Amino acid sequence: MTDTQTTEAPRPDPVVRRIGVHDVVEAFIAGLRDFQAAPLFGLFFGGLYALAGLAILMSLTRFGMPYLAYPLAAGFVLIGPFVAVGLYEVSRRREAGEPLAWGKVLGVVFAQSQRELGWMAFVTLFVMMMWLYQVRLLLALFLGFQSFASFNGFLSVIVTTPEGLMFLAVGNLVGAVLAAALFSLTVVSFPLLLDREVDFITAMITSVRAVAANPVPMLGFAAAIVALSAIAMLPIFLGLIVLLPVLGHATWHLYRRVVEPAA
């Protein structure tokens with residue numbers, strides 16, 4: 001008598017569709033509708049995001065490092081996709097006709113943090129730490145180890161001196177490269193991990209494939225995120241209370257358009 005060994009067939013990779021700019025616009029419209037339909041969830045997650053930004057900004061001021069406010073604000077956008085996981089779940093539930101209950105939504109968020117999505121969070125935080133370290137390196141290279149008493153003093157140096165302008169140019173270039181890389185890795189991967197049983201490597205590869213297959217629409221989506229985030233941060237991060245939920249819901253709907261449903 002011989003034992004027969006059965007092996008589970010590997011799951012096929014998610015199928016990426018081609019989309020147009022109109023899909024991005026419609027994703028934004030659908031995201032706004034989700035926020036209007038469930039504003040308390042959006043304001044809750046958006047409020048947590050804004051409060052975290054304020055807390056970090058106050059910490060920088062407290063420890064005499066206000067000059068890091070600008071690079072930190074730029075890097076803070078990078079962790080938005082992870083914070084928006086609860087918003088993806090709200091959109092998923094509305095789409096599936098499931099009830100919106102705080103226990104269910106928060107339960108999914110906490111459960112996902114212990115699964116593959118936790119690894120994606122690590123990738124996001126790692127890139128943000130790289131961003132902050134390269135800012136400190138560029139500060140040392142171009143401006144030395146001088147300290148700045150205020151953000152206005154720092155701003156005056158970087159916009160009125162050749163060294164400061166070089167720091168600004170190189171820093172923004174490096175930041176743009178890191179942001180583009182992280183956007184490509186995460187724009188689809190976070191909602192995909194919430195929606196399906198895939199590993200985080202497959203999710204990141206699928207996200208990069210989605211960006212590569214749709215460079216113009218995805219570039220437009222990324223540009224809209226950057227522009228809207230910059231505006232939302234001007235009133236001491238308070239605009240993020242509304243912006244994060246709209247972007248989070250819109251990201252879910254964009255994911256639905258660019259990745260075919262599982263068979």
Side-chain angles (χ1 to χ4, degrees), residues 23-59 72-73 75-118 120-121 124-125 128 183 186-196 203 221-222 224-259 261:
D23 290 291
V24 175
V25 175
E26 290 173 4
F28 270 110
I29 294 173
L32 183 59
R33 287 174 179 163
D34 280 354
F35 177 53
Q36 291 173 332
L40 291 181
F41 289 95
L43 293 175
F44 173 75
F45 289 108
L48 288 179
Y49 190 47
L51 284 175
L54 283 173
I56 295 173
L57 186 60
M58 292 174 65
S59 299
L72 181 67
F76 192 62
V77 178
L78 301 177
I79 66 173
F82 173 62
V83 181
V85 169
L87 299 166
Y88 307 149
E89 175 63 10
V90 171
S91 290
R92 188 196 69 78
R93 285 180 170 273
R94 290 197 68 237
E95 181 181 283
E98 299 177 8
L100 293 178
W102 284 100
K104 295 290 187 180
V105 173
L106 295 178
V108 167
V109 173
F110 290 129
Q112 288 293 334
S113 66
Q114 306 298 321
R115 303 173 67 186
E116 293 291 318
L117 204 144
M120 280 305 307
T124 301
L125 293 175
M128 185 176 179
F183 174 81
T186 62
V187 63
V188 165
S189 57
F190 275 105
L192 176 60
L193 287 171
L194 178 69
D195 188 40
R196 301 191 200 177
F221 187 61
I225 292 175
V226 172
L228 292 172
S229 297
I231 296 171
M233 286 184 179
L234 291 179
I236 56 171
F237 291 88
L238 295 180
L240 295 175
I241 297 175
V242 173
L243 180 63
L244 178 73
V246 173
L247 290 180
H249 293 311
T251 299
W252 172 264
H253 290 287
L254 187 64
Y255 153 71
R256 281 303 206 193
R257 289 174 177 273
V258 78
V259 176

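Predicted model, so just to flag it, every value in this text is computed and none were measured.
- F41 and W102 have parallel rings, their planes meeting at less than 30° on a 0 to 90° scale where 60° marks the start of perpendicular.
- Nearest heavy atom pair, residue P245 against residue L87, reads CA-CD1, 3.4 Å.
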Audit row: M120, V85, side-chain contact (heavy atoms from CB on, under 4.5 Å) steps and yes/no: CA-CA 11 Å; M120 280 305 307; V85 169; over 6 Å; no
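- In summary, E89 and R92 engage in a salt bridge, as defined by a charged side-chain N under 4.0 Å from a carboxylate O.
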Are K104 and E98 close enough, and set up right, to give a salt bridge (Lys or Arg N to Asp or Glu O under 4.0 Å), and what steps lead you there? CA-CA 10 Å; K104 295 290 187 180; E98 299 177 8; over 6 Å; no
Verify side-chain contact (heavy atoms from CB on, under 4.5 Å) between V108 and L194, making sure each step is shown before the conclusion. CA-CA 9 Å; V108 167; L194 178 69; 3.5 Å; yes
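- Contact detail for G31 and H253: the closest heavy-atom pair is N-CD2, 3.9 Å.
- Minimum heavy-atom separation, A203 to L192: CA-CD2, 3.7 Å.
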Going through the distances and angles, do L48 and V83 end up as a side-chain contact (heavy atoms from CB on, under 4.5 Å)? CA-CA 9 Å; L48 288 179; V83 181; 5.5 Å; no
Carefully, step by step, assess H249 and R94 under the rule side-chain contact (heavy atoms from CB on, under 4.5 Å). CA-CA 11 Å; H249 293 311; R94 290 197 68 237; over 6 Å; no
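- In this structure the side chain of F28 never reaches within 4.5 angstrom of the side chain of L254, judged on heavy atoms.
- D195 and R256 make their closest contact through OD2-NH1, 3.1 Å (heavy atoms, listed as atom of the first residue, atom of the second, distance).
- Rounding to the nearest 0.5 Å gives a distance of 12.0 Å between CG of L228 and CG of L244.
- Contact annotation: the side chain of T251 never approaches that of F190 to less than 4.5 Å [non-hydrogen atoms, C-beta and beyond].
- The number of heavy atoms from other shown groups lying within 6.0 Å of CZ (R33) does not exceed 12.
- By the 4.5 Å heavy-atom criterion applied to side chains, I241 and L238 are counted as neighbours.
- For the pair L243 and S229, the minimum side-chain heavy-atom distance is below 4.5 Å.
- You'll find the side chain of F45 reaches within 4.5 Å of the side chain of V105, heavy atoms only.
- Contact record, R257 with A27: NE-N, 4.3 Å, taken as the closest heavy-atom pair.
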